[in-house]
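When reading the values below, keep in mind they use all heavy atoms of this one structure, side chains included, and skip hydrogens, waters and symmetry mates.
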Amino acid sequence: MNGCENMLLCKSAKRVIWGWCLFVAILCLGGCGDRPSEHRSSLYVFGTLVEISAFTQEDSAFQAAVDELDREFQAMHREWHAWKGEGELVRLNRALARSEPFSVSQDMLDLLERGKRYTEQSEGLFNPAMGRLFGLWGFHQDELPEGAPPADSEIAEIVTAAPTMAELQIEGSIIRVDNPQVEIDLGAYAKGYALNRAVEHFRAAGFPHVIVNAGGDLCAAGRHGERPWRIGVRHPRGTGVIASLVLNGQECVLTSGNYERYLAHQGIRYSHILDPRTGYPVKQITSVTVIHRDGALADAAATALSVAGTAEWQRIARQMGVDQVMLVDETGQVLLTPAMQARIQIESEFRDKVVVKPLIQL
Ligand code: AMP
Ligand code: MG
């Protein structure tokens with residue numbers, strides 16, 4: 001081999017190397033390198049658009065995990081629906097109305113046991129056994145109800161019968177109840193429960209950095225790359241944002257409000273959140289936002305604190321084990337627990353409405 005051949009070999013090798021470098025550079029410019037980025041997808045379930053973002057580099061595997069979640073969510077929607085179809089909850093309620101025992105799935109058992117616990121902790125203000133009352137007010141339909149509120153006597157009949165989760169007798173997977181007025185409606189915490197599941201699902205599928213947002217109610221885990229996830233909390237009476245916050249690892253943010261579902265009659269808006277003590281819709285509270293690692297608990301607590309109202313919410317929050325609460329009352333006042341105040345950024349136009357309240361009532 002002479003020097004000239006060596007030179008040629010050298011040059012062609014260099015050309016190949018430069019060619020590869022150029023190719024890789026073009027690939028990186030195209031954004032398909034190894035660096036993870038935010039990938040988004042969405043699905044429609046529980047009557048709402050569910051938007052999912054994951055910080056990952058695996059786009060096609062992420063979409064496959066979203067498709068799988070879509071199947072799981074659609075099944076939950078079918079099985080847990082309170083009035084439509086032939087899902088597990090509809091069949092359970094039919095059996096309970098006839099005082100017949102019914103064997104439930106593991107998920108339903110977990111939901112019912114949680115329902116019992118939240119009912120006890122909230123002193124009955126959270127009461128998913130009052131499905132009959134929710135139906136009486138017209139909330140067992142997809143459309144907003146119309147017409148006059150139900151008659152006082154019909155409301156009184158259900159309130160007097162006092163159906164509650166405490167009456168569920170659970171033996172293994174068998175559910176029994178003696179009070180045929182018990183009708184279960186999971187509407188106040190099923191979404192939070194499903195959001196917990198979504199985060200578990202993505203973690204198991206290899207996506208630990210994810211945020212699942214179902215119409216403003218969300219659970220998140222991990223981070224958005226170098227920075228944490230940051231979210232906005234919708235204002236209860238408008239399209240804007242009332243506050244924003246940075247999420248720390250696995251957390252859920254659930255809001256209950258009287259702005260989405262209500263019965264409007266003769267200029268009065270009757271909220272879909274009902275006070276089990278009276279049978280009438282809650283009035284004082286426009287919205288309650290709760291942050292907790294457990295989405296089902298946050299969802300149940302947001303509903304319970306809406307019922308508890310300005311006088312009782314601090315005690316009930318403490319009993320339910322939630323300490324990050326934002327409550328907007330009917331005058332527009334924004335009540336925060338100290339733990340919530342420590343982390344939430346209230347938008348400037350609402351800051352003069354903020355009052356911080358300790359969880360222990362003084
Ligand atoms: P949320 O939006 O999570 O507050 O849930 C409201 C839904 O929960 C209503 O549409 C009813 O189906 C149901 N609900 C209403 N009042 C209560 C209550 N006091 N306890 C439990 N569930 C309730
Ligand atoms: Mg709720």
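Side-chain contact, Tyr280 with Asp152: a donor N or O sits under 3.5 Å from an acceptor N or O. Side chain to side chain, Thr255 and Ser287 fail the donor-acceptor criterion of an N or O pair below 3.5 Å. Remark: the Gln63 side chain and the Ser41 side chain contain an N/O donor-acceptor pair separated by less than 3.5 Å. Arg343 and Gln324 form a side-chain donor-acceptor contact under 3.5 Å, judged by distance and modelled atom types alone. A donor-acceptor contact closer than 3.5 angstrom links the side chains of Tyr193 and Asp110. With hydrogens and angles left out, the side-chain atoms of Thr310 and Gln284 include a donor and acceptor closer than 3.5 Å. A side-chain donor from one of Glu88 and Ser105 sits under 3.5 Å from a side-chain acceptor of the other. In this structure, a donor-acceptor pair under 3.5 Å is absent between the side chains of His292 and Asp323.
Within the 4.5 Å cutoff, the side chain of Arg234 has no heavy atoms near those of the Val241 side chain. Inter-residue side-chain proximity for Pro149 and Trp137 is flagged as met; some heavy-atom pair is nearer than 4.5 Å. When side chains are defined from C-beta on, Glu200 does not count as touching Gln250, because their heavy atoms never get closer than 4.5 Å.
Arg223 places a side-chain N or O within donor-acceptor distance of the main-chain N or O of Glu226, the cut-off being under 3.5 Å. For the pair Thr337 (side chain) and Val325 (backbone), a donor-acceptor distance under 3.5 Å is present. For Asp329 (side chain) and Gln333 (main-chain N/O), a donor-acceptor pair under 3.5 Å exists by modelled atom type. Side chain of Asn179 to backbone of Ala161: a donor-acceptor contact under 3.5 angstrom is found. Of the possible polar contacts, one joining the Tyr189 side chain to the Leu111 backbone as a donor-acceptor pair under 3.5 Å is found. Remark: side-chain polar atoms of Arg269 are not paired, donor with acceptor, to backbone N or O of Tyr262 under 3.5 angstrom.
Salt-bridge check for Glu154 with Arg132: failed, with every basic side-chain N at 4.0 Å or more from each acidic carboxylate O. We find that Arg176 and Glu100 are not joined by a salt bridge, their nearest charged nitrogen and carboxylate oxygen being 4.0 Å or further apart. Under 4.0 Å is where a charged nitrogen must lie from a carboxylate oxygen, and between Glu183 and Arg94 no such pair does. A salt bridge is defined here as a Lys NZ or Arg NE, NH1 or NH2 lying under 4.0 Å from an Asp or Glu carboxylate O, and Lys191 with Asp299 fails to meet this definition. Taking a cutoff of 4.0 Å between a charged side-chain nitrogen and a carboxylate oxygen, Glu349 and Arg351 do not qualify as a salt bridge. A salt bridge links Glu312 with Arg277: the distance from a Lys NZ or Arg NE/NH1/NH2 to an Asp or Glu carboxylate oxygen falls below 4.0 Å. The existence of a salt bridge linking Arg114 and Asp294 is confirmed by a sub-4.0 Å separation between a basic side-chain nitrogen and an acidic carboxylate oxygen. Comment: Arg71 does not engage Asp67 in a salt bridge, judged by the lack of any side-chain N to carboxylate O separation of less than 4.0 angstrom.
Considering CD1 of Ile175 and CG of Asn93, their distance stands at 11.5 Å, rounded to 0.5 Å. Between the CE atom in Met320 and the CD atom in Glu123 there is a gap of 10.5 Å [rounded to 0.5 Å].
Residues satisfying the salt bridge (Lys or Arg N to Asp or Glu O under 4.0 Å) criterion with Asp352, sequence neighbours excluded, are absent altogether. Residues forming a ring pair (Phe, Tyr, Trp, His ring centres under 6.0 Å) with His39 (at least two apart in sequence, or on another chain): none.
Within the structure, the salt bridge (Lys or Arg N to Asp or Glu O under 4.0 Å) test picks out no pair touching residues 44-56 (sequence neighbours left out).
Of all heavy-atom pairs spanning Ala54 and Phe62, the tightest one is CB-CE1, 3.5 Å. Closest heavy-atom contact between Asp178 and Ser99: O-OG, 4.4 Å. Of all heavy-atom pairs spanning Pro281 and Tyr270, the tightest one is CG-CB, 3.7 Å. Minimum interatomic distance between Ala302 and Leu254 (heavy atoms only, all atoms of both residues): CB-O, 4.0 Å. Here the closest non-hydrogen pair linking Glu58 and Thr56 is N-OG1, 3.0 Å. A pairwise comparison of heavy atoms in Thr119 and Pro128 identifies OG1-CD, 3.6 Å as the closest pair.
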Next on the checklist: Using side chain to side chain contact (heavy atoms under 4.5 Å, CB included), reason through Trp313 and Leu335 one step at a time and then give a plain yes or no.
Outcome noted: CA-CA 10 Å; Trp313 70 275; Leu335 306 173; 3.9 Å; yes

Next on the checklist: As a quick check of understanding, evaluate side chain to side chain contact (heavy atoms under 4.5 Å, CB included) for Val212 and Phe202, giving each step before the final call.
Outcome noted: CA-CA 10 Å; Val212 184; Phe202 282 111; 4.1 Å; yes

Next on the checklist: One pair to check against side-chain hydrogen bond (donor to acceptor under 3.5 Å, both in side chains): Glu330 and Thr286. What are the steps and the verdict?
Outcome noted: CA-CA 5 Å; Glu330 60 187 346; Thr286 302; over 6 Å; no

Next on the checklist: side chain to side chain contact (heavy atoms under 4.5 Å, CB included), that's the test. Do Ile184 and Met165 meet it? Break it down for me.
Outcome noted: CA-CA 8 Å; Ile184 312 292; Met165 297 299 278; 3.7 Å; yes

Item to check | Step-by-step side chain to side chain contact (heavy atoms under 4.5 Å, CB included) determination, Arg230 to Gln345 | outcome: CA-CA 11 Å; Arg230 171 177 274 280; Gln345 270 87 52; 3.8 Å; yes

Checklist entry - Checking salt bridge (Lys or Arg N to Asp or Glu O under 4.0 Å) for the pair Asp142/Lys84: CA distance, chi angles, key distance, verdict? => result CA-CA 10 Å; Asp142 291 334; Lys84 247 194 231 167; 2.6 Å; yes

Checklist entry - Yes or no on ring pair (Phe, Tyr, Trp, His ring centres under 6.0 Å) for His201 and Phe207, after CA distance, side-chain angles and deciding distance? => result CA-CA 9 Å; His201 165 84; Phe207 301 96; 8.9 Å; no

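Ring pair Phe55/His224 is tilted by interplanar angle, where 30° to 60° counts as tilted. Using a 30° and 60° split on the angle between ring planes, His140 and Phe134 fall in the perpendicular class, above 60°.
Proximity of the aromatic rings of His77 and Phe46 is defined here by a centroid distance below 6.0 angstrom, and this criterion is met.
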